[in-house]
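Sequence positions, counted from 1, serve as the residue numbers for this chain. Here the structure is a predicted model, which is why all the values come from computation and not from measurement.
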Amino acid sequence: MELEVRHLRVLCAIADTGSLHKAARQLGMSQPSLTTQLRRIEHALGGQLFTRERTGCRPTPLGRVVLSRARPLVTEMRALVSETKAAAARAVEGPQLRIGSTASRAIPGWLRKLRGRLPGTEISLQMDVSANALLRMVAAGQLDVAFVHEVEGCPLRLPETLRRRVLLDREPQFISLAADHPAADRPVVRLSELADDRWMVDPTVDGEWDGLRRVLTAAGLNPPVLHGDYHTAASLVATGEVVALCQPTSRARPDMSVRPLHGDPLGVRLLVAARTEDELNAVYGELDAAYWEAAGQSPAYTEWLLQAGETRGTPGGTLVPVSR
């Protein structure tokens with residue numbers, strides 16, 4: 001049997017899922033068919049690639065060697081197909097720009113500025129809570145660029161084929177709480193003032209739960225924590241049910257306050273990734289401008305930035321970064 005790319009996809013799927021059953025489901029085939037195909041691949045390569053255990057499948061030493069060569073080939077083939085399709089679509093439909101992003105107040109301004117500079121380009125946006133998933137899509141050629149955040153202490157798995165540019169090395173995370181919360185009257189909130197509160201976090205956001213847990217533990221707190229998405233969290237914060245971390249660019253509402261945390265115990269790094277420097281150059285300037293525009297629309301963040309000495313004001317009221 002001659003080894004083909006589809007066989008390498010089988011090996012990667014088994015390794016990624018750790019199970020023949022899960023891999024078969026992911027590949028859209030039956031488990032007996034997958035088992036037969038794996039035997040043929042192992043026979044063609046001359047050795048066992050996985051050990052079948054009660055808890056699943058694990059690569060053998062030979063399997064790890066094969067996988068180390070197979071993964072880049074599968075990724076490159078996926079990128080080749082995706083980029084070829086995109087090139088064919090551009091030939092028919094015109095230039096395209098496929099953006100992926102985690103949640104950010106800078107997105108609307110970024111898109112507006114890009115459309116202003118690239119009037120003939122079809123710009124699409126894909127939002128995802130997982131920064132790692134977006135980075136994989138860029139590496140696979142399914143997106144052109146991704147704007148993501150990396151929670152402090154929880155490094156992202158950046159594919160080696162990608163180029164990155166840091167927009168902000170450390171963005172402090174603020175706290176959102178009900179407008180009538182006792183701590184909402186203070187310009188800066190201490191974690192100890194939230195000792196009796198329930199917290200809410202979205203555990204599907206890469207690194208978010210780990211980061212929050214580390215901060216709470218360091219402060220000697222062990223509050224009840226609810227898991228859910230941040231759209232739900234905003235509603236519960238407004239009614240006083242929970243408090244939640246939020247981006248400093250978040251805007252306060254009549255029923256919800258946004259405040260910095262004393263000592264800025266948790267930060268994230270904001271970065272943009274693409275396959276080439278040219279792709280980064282094509283979007284970075286507009287993203288940088290859009291981020292600082294959004295920052296200037298948040299009074300709490302504006303005050304924090306001015307106190308930190310990281311911005312200066314312009315006559316039009318725009319925040320301009322001085323040192324980042």
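One distance of note links CZ of R259 with OG of S250; it measures 12.5 Å at 0.5 Å rounding. Here the CE-CG distance, from M200 to L245, works out to 12.5 Å after rounding to the nearest 0.5 Å. Atom CG of L135 and atom CG of D206 lie 9.0 Å apart (nearest 0.5 Å). Summarising the geometry, atom CZ belonging to R251 is positioned 5.5 Å from atom CZ belonging to R105; distances are rounded to the nearest 0.5 Å. Considering CD of E150 and CG of D169, their distance stands at 9.5 Å, rounded to 0.5 Å. Rounded to the nearest 0.5 angstrom, E152 CD and L266 CG are separated by 6.0 Å.
Annotation: H262, atom NE2; neighbour count of heavy atoms from other residues, nucleotides and ligands within 6.0 Å does not exceed 12. Counting heavy atoms of neighbouring residues, nucleotides and ligands inside a 6.0 Å radius, atom CZ of R52 exceeds 12 of them. Surrounding CZ of R253 are more than 12 heavy atoms belonging to other residues, nucleotides or ligands, all under 6.0 Å away. Within 6.0 Å of CD on E4 lie more than 12 heavy atoms contributed by other residues, nucleotides or ligands.
For the ring pair (Phe, Tyr, Trp, His ring centres under 6.0 Å) condition, no pair includes a residue of residues 117-141, sequence neighbours left out.
Side chain of R9 to main chain of V74: no donor-acceptor pair is present (N/O by atom type, distance under 3.5 Å, no hydrogens or angles). Formation of a donor-acceptor pair under 3.5 Å by the S257 side chain with backbone atoms of A184 is not found in this model. A donor-acceptor pair under 3.5 Å is formed between the side chain of S176 and the backbone N or O of A244. Remark: the backbone N or O of L49 is paired with a side-chain donor or acceptor of E42 at under 3.5 angstrom. Put simply, the side chain of S101 never gets that close to the backbone of M127: no donor and acceptor are under 3.5 Å apart. For D288 (side chain) and Y284 (main-chain N/O), no donor-acceptor pair under 3.5 Å exists by modelled atom type. The closest donor-acceptor contact from the side chain of S104 to the backbone of A106 lies under 3.5 Å.
Using a 3.5 Å distance cut-off with no hydrogens or angles, the side chains of N132 and S130 do not pair a donor with an acceptor. A donor-acceptor contact under 3.5 angstrom links the side chains of Y291 and E171, judged on distance only. A donor atom on one side chain and an acceptor atom on the other are not found under 3.5 Å apart for Q297 and E293.
Not counting sequence neighbours, the partners of R213 by the salt bridge (Lys or Arg N to Asp or Glu O under 4.0 Å) test are D210. With sequence neighbours excluded, the residues satisfying side-chain hydrogen bond (donor to acceptor under 3.5 Å, both in side chains) with T276 are E279.
Contact check on D16 versus R71 returns a salt bridge, with a Lys/Arg side-chain nitrogen under 4.0 Å from an Asp/Glu carboxylate oxygen. In summary, E286 and R112 do not engage in a salt bridge, as defined by a charged side-chain N under 4.0 Å from a carboxylate O.
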| query | Run the side chain to side chain donor-acceptor pair (under 3.5 Å) check on Q247 and Y230 step by step: do they pass? | reply | CA-CA 11 Å; Q247 297 174 3; Y230 283 116; over 6 Å; no

